[in-house]
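I am attaching a structure below and will ask some questions about it afterwards.
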There are 2 protein chains.
Amino acid sequence: MDTKQENKKVFLEIVNQLKVLIDKEQIRPGDKLPSERVLSERLNVGRSSVREALRSLELLGLIETRQGGGTFLSSGQNIQLVEILASFILRESRTVKELDAIRKMHEKEAIRIICSDKDLTALPVWESLFYKIEIENDVVRDHILREFIIASGNRLALKIWLQLAAYSATPLKKTTTKQEKPMLIVLLKSLQLGFQKEALAAYDEWMNYIKNNMDNEK
Amino acid sequence: MDTKQENKKVFLEIVNQLKVLIDKEQIRPGDKLPSERVLSERLNVGRSSVREALRSLELLGLIETRQGGGTFLSSGQNIQLVEILASFILRESRTVKELDAIRKMHEKEAIRIICSDKDLTALPVWESLFYKIEIENDVVRDHILREFIIASGNRLALKIWLQLAAYSATPLKKTTTKQEKPMLIVLLKSLQLGFQKEALAAYDEWMNYIKNNMDNEK
DNA sequence: AACCTAAAAGTGGTCTGACCACTTTTAGGT
DNA sequence: ACCTAAAAGTGGTCAGACCACTTTTAGGTT
């Protein structure tokens with residue numbers, strides 16, 4: 001009856017209705033949604049159908065549910081869906097390699113963006129990272145790369161990258177080794193100077209080193 | 001009781017059980033899953049809980065359901081979930097811009113990969129595209145870009161790109177205009193010759209043209 | 001024997017009502 | 001004004017019922 005062709009699946013229609021409701025009622029992330037029973041009445045559907053819709057959205061990480069408390073619009077970030085998707089998709093080793101390639105693409109693009117923007121090369125975080133690597137020597141690889149993505153300023157890219165990194169075959173959760181130190185120093189210094197080509201080369205060298213030493217770390 | 005900490009949510013536990021079942025019973029994409037009633041019995045849970053799990057997986061595009069027919073393991077590809085996610089996330093114009101940036105990153109990376117591989121620069125599809133643009137003059141922008149991604153050989157990247165393109169604010173579904181012809185010719189010729197820098201420059205020029213002429217096309 | 005058709009069985013789609021576990025609110029007493 | 005216990009509200013789960021649709025079965029016709 002609406003502008004769109006009728007959605008056959010009721011639970012999908014409910015998902016749409018919920019979206020409308022959230023818009024209309026100005027429900028912000030963290031706010032409470034109407035209870036299942038109320039929704040069931042307002043939308044003229046059974047409670048079980050409402051639950052099917054809510055459970056789907058919960059799996060997508062769009063809402064959070066507290067027993068006895070209520071249902072809340074998710075405050076963002078945690079998209080746990082990927083955990084499910086990954087376990088279904090990441091069976092073939094081919095996919096694992098492809099995932100790693102996409103992750104690296106994100107990281108190199110971030111490096112390019114940083115190098116071509118004086119505001120970004122001057123960020124204090126590089127000095128801080130430099131210090132940690134040079135002196136403290138206990139930086140998690142993951143952390144360095146994340147700072148690149150964050151600095152590049154694309155929040156959607158950060159979300160995607162976080163998921164890619166979580167399922168990467170590369171041991172990003174390990175701390176950097178002594179051998180990696182010189183490459184990282186070159187990488188960071190090049191970054192600060194805006195030397196894109198050199199930074200990318202150092203990055204490639206770093207990634208190759210990690211790749212070639214994966215087995216030893218296991 | 002298991003290795004993992006107990007999952008509180010039954011429907012999440014069912015999702016896991018389904019994964020195990022699919023593995024154990026060697027259910028391939030396209031194959032039929034046990035009926036809801038059978039699953040309910042085998043897993044010792046109510047049918048409605050089974051349905052909550054199945055509906056979630058359906059929203060993720062991992063299974064397909066035919067009324068009266070049964071539930072089938074999805075034959076892959078169509079991840080419609082993004083439609084839901086997008087409608088929830090793509091409210092802020094900022095996100096739209098970020099999405100476009102990521103899409104372009106994919107495309108430029110594909111161009112880089114193609115240019116640095118003689119097998120890819122020699123692909124007949126470039127000649128074919130060239131002909132269509134030069135003579136027939138009715139190529140959809142989308143189509144050209146998709147060929148880039150396909151040629152780059154990363155199937156996961158293709159999946160991601162397809163979703164990004166579907167929600168891009170850039171009018172990629174339109175056919176190329178007369179003004180775009182020279183840029184595209186330079187782009188394709190550079191590609192065939194492996195001239196990465198020139199290809200990327202032509203690509204940038206093309207994208208800028210599209211951006212600056214978006215309003216006129218509306 | 002092959003073919004067609006109608007009945008039966010199977011399956012997803014939806015709703016209702018019930019009970020439980022937990023949280024939040026309310027009401028009562030100190 | 002404060003604390004506490006009861007009540008109400010809410011999500012979690014189950015069982016049963018009925019519908020719409022598809023697949024299978026059984027029977028009869030040719």
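Hydrogens, waters and symmetry mates are skipped; everything else that's a heavy atom, side chains included, is used. Being a predicted model, the structure only gives us computed values, none of them experimental. Residue numbers begin at 1 in each chain, while the letters A, B, ... track the order of the sequences.
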Worksheet item: Rounded to the nearest 0.5 Å, how far apart are CZ of A:Arg155 and CD1 of A:Ile160?
Response: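 Output value for this atom pair is 13.5 Å.
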Discussion item. Closer than 4.0 angstrom, basic N to acidic O: yes or no for A:Lys108 and B:Glu109?
Written reply: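 B:Glu109 and A:Lys108: not salt-bridged.
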Worksheet item: Taking only N and O in the side chain of B:Arg55, is any of them less than 4.0 Å away from OP1 or OP2 of C:dG13?
Response: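 B:Arg55 to C:dG13 OP1/OP2: side-chain N or O found under 4.0 Å.
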Worksheet item: Where each residue is assigned the nucleotide of DNA chain D containing its nearest heavy atom, which of B:Gly68 and B:Ser40 is assigned the position nearer the 5′ end?
Response: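 Checking each residue's closest nucleotide, the 5'-ward one belongs to B:Ser40.
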Fill in: Member of A:Trp126, A:Tyr203, A:Trp161 meeting the ring pair (Phe, Tyr, Trp, His ring centres under 6.0 Å) criterion with A:Phe148
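Exactly one option meets the ring pair (Phe, Tyr, Trp, His ring centres under 6.0 Å) with A:Phe148, and it is A:Trp126.
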Worksheet item: Which whole-number value in Å describes the distance from A:Arg66 CZ to C:dA21 C1'?
Response: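 So the CZ-C1' distance, A:Arg66 to C:dA21, works out to 16 Å.
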Fill in: Proximity to the side chain of A:Ser48 - top-ranked nucleotide from D:dT13, C:dT11, C:dT16
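Nucleotide nearest to A:Ser48's side chain: C:dT16.
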Item to complete: Under 4.0 Å between any heavy atoms, over every strand shown, what does A:Thr71 touch: base, sugar-phosphate, or nothing? Just pick one.
Response: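 If one applies the 4.0 Å heavy-atom cut-off, A:Thr71 turns out to touch the sugar-phosphate alone, with no base involved.
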Worksheet entry | Pair assignment for D:dT22, Watson-Crick or G-U wobble, requiring both distances under 3.5 Å |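 With both distances under 3.5 Å, D:dT22 matches C:dA9.
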Worksheet entry | Nucleotide nearest A:Glu36 when distance is taken to its side chain, options D:dG11, D:dT13, C:dC15 |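 Of the candidates, D:dG11 comes closest.
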Discussion item. Please classify the nucleic acid contact of B:Gly46 as base, sugar-phosphate, or nothing, using heavy-atom distances under 4.0 Å.
Written reply: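 B:Gly46: backbone/sugar contact only, no base atoms under 4.0 Å.
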Worksheet item: Salt bridge check: are B:Arg103 and B:Asp100 linked by an N-O gap of less than 4.0 Å?
Response: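 Yes, this pair counts.
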Practice prompt. Starting from C1' on C:dC20, measure out to CD on A:Gln67 and report it in whole angstrom.
Written response: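 In whole Å, C:dC20 C1' and A:Gln67 CD are 8 Å from each other.
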Fill in: Atom pair distance, as rounded to whole Å: CG in A:Leu57 and P in D:dG11
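The answer, rounded to whole Å, is 14 Å.
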Practice prompt. Any strand is fair game: report the nucleotide pairing with D:dT13 by Watson-Crick or G-U wobble, both distances under 3.5 Å, or none.
Written response: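 Base partner found: C:dA18.
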Worksheet item: Which of these nucleotides, C:dG13, D:dG12, C:dC15, is closest to any side-chain atom of B:Arg51?
Response: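 Out of C:dG13, D:dG12, C:dC15, the nucleotide with an atom closest to B:Arg51's side chain is C:dG13.
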Fill in: Out of D:dC14, C:dG13, D:dG11, whichever nucleotide has its closest atom nearest the side chain of A:Arg47
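Of D:dC14, C:dG13, D:dG11, D:dG11 is nearest to the side chain of A:Arg47.
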Practice prompt. From the options C:dG12, D:dT13, D:dG11, select the nucleotide whose nearest atom is closest to the side chain of B:Thr65.
Written response: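 Nucleotide nearest to B:Thr65's side chain: C:dG12.
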Item to complete: Starting from P on C:dT11, measure out to CG on B:Leu54 and report it in whole angstrom.
Response: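 Rounding to the nearest Å, CG of B:Leu54 and P of C:dT11 are 13 Å apart.
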Discussion item. Assuming nearest nucleotide by heavy-atom distance, tell me which of A:Arg37 and A:Glu52 is located more 5' along DNA chain C.
Written reply: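 That would be A:Glu52.
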Worksheet item: A:Asn44 has an atom CG; how far is it from atom C1' of C:dC15, in whole Å?
Response: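 Nearest whole value for this atom pair: 12 Å.
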Practice prompt. Would you kindly compare B:Leu33 and A:Lys32 by the position of their nearest DNA chain C nucleotide and give the one closer to the 5′ end?
Written response: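 Nearest-nucleotide comparison on DNA chain C picks B:Leu33.
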Item to complete: Let me know the distance between CD of A:Glu13 and C1' of C:dG13, rounded to the nearest Å.
Response: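 To the nearest whole Å, that distance equals 15 Å.
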Worksheet entry | Check against salt bridge (Lys or Arg N to Asp or Glu O under 4.0 Å), A:Arg42 and A:Glu36 | CA-CA 10 Å; A:Arg42 279 176 54 172; A:Glu36 296 179 352; over 6 Å; no
Discussion item. Rounded to whole Å, how long is the line connecting atom CG of A:Leu59 with atom P of D:dG12?
Written reply: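 A:Leu59 atom CG is separated from D:dG12 atom P by 13 Å.
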Worksheet item: Is the count of non-hydrogen atoms from other residues, nucleotides or ligands lying under 6.0 Å from A:Glu41 atom CD greater than 12?
Response: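 Counting other residues, nucleotides and ligands, CD of A:Glu41 stays at 12 neighbours or fewer.
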Practice prompt. Identify which nucleotide among D:dT13, C:dT11, D:dT10 has an atom closest to any side-chain atom of B:Ser35, counting heavy atoms from C-beta outward.
Written response: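 Nearest to the side chain of B:Ser35 among the choices is C:dT11.
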Worksheet item: Between atom CZ in A:Arg42 and atom C1' in C:dC15, what is the gap in whole Å?
Response: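 The distance from CZ of A:Arg42 to C1' of C:dC15 comes to 20 Å, rounded to the nearest Å.
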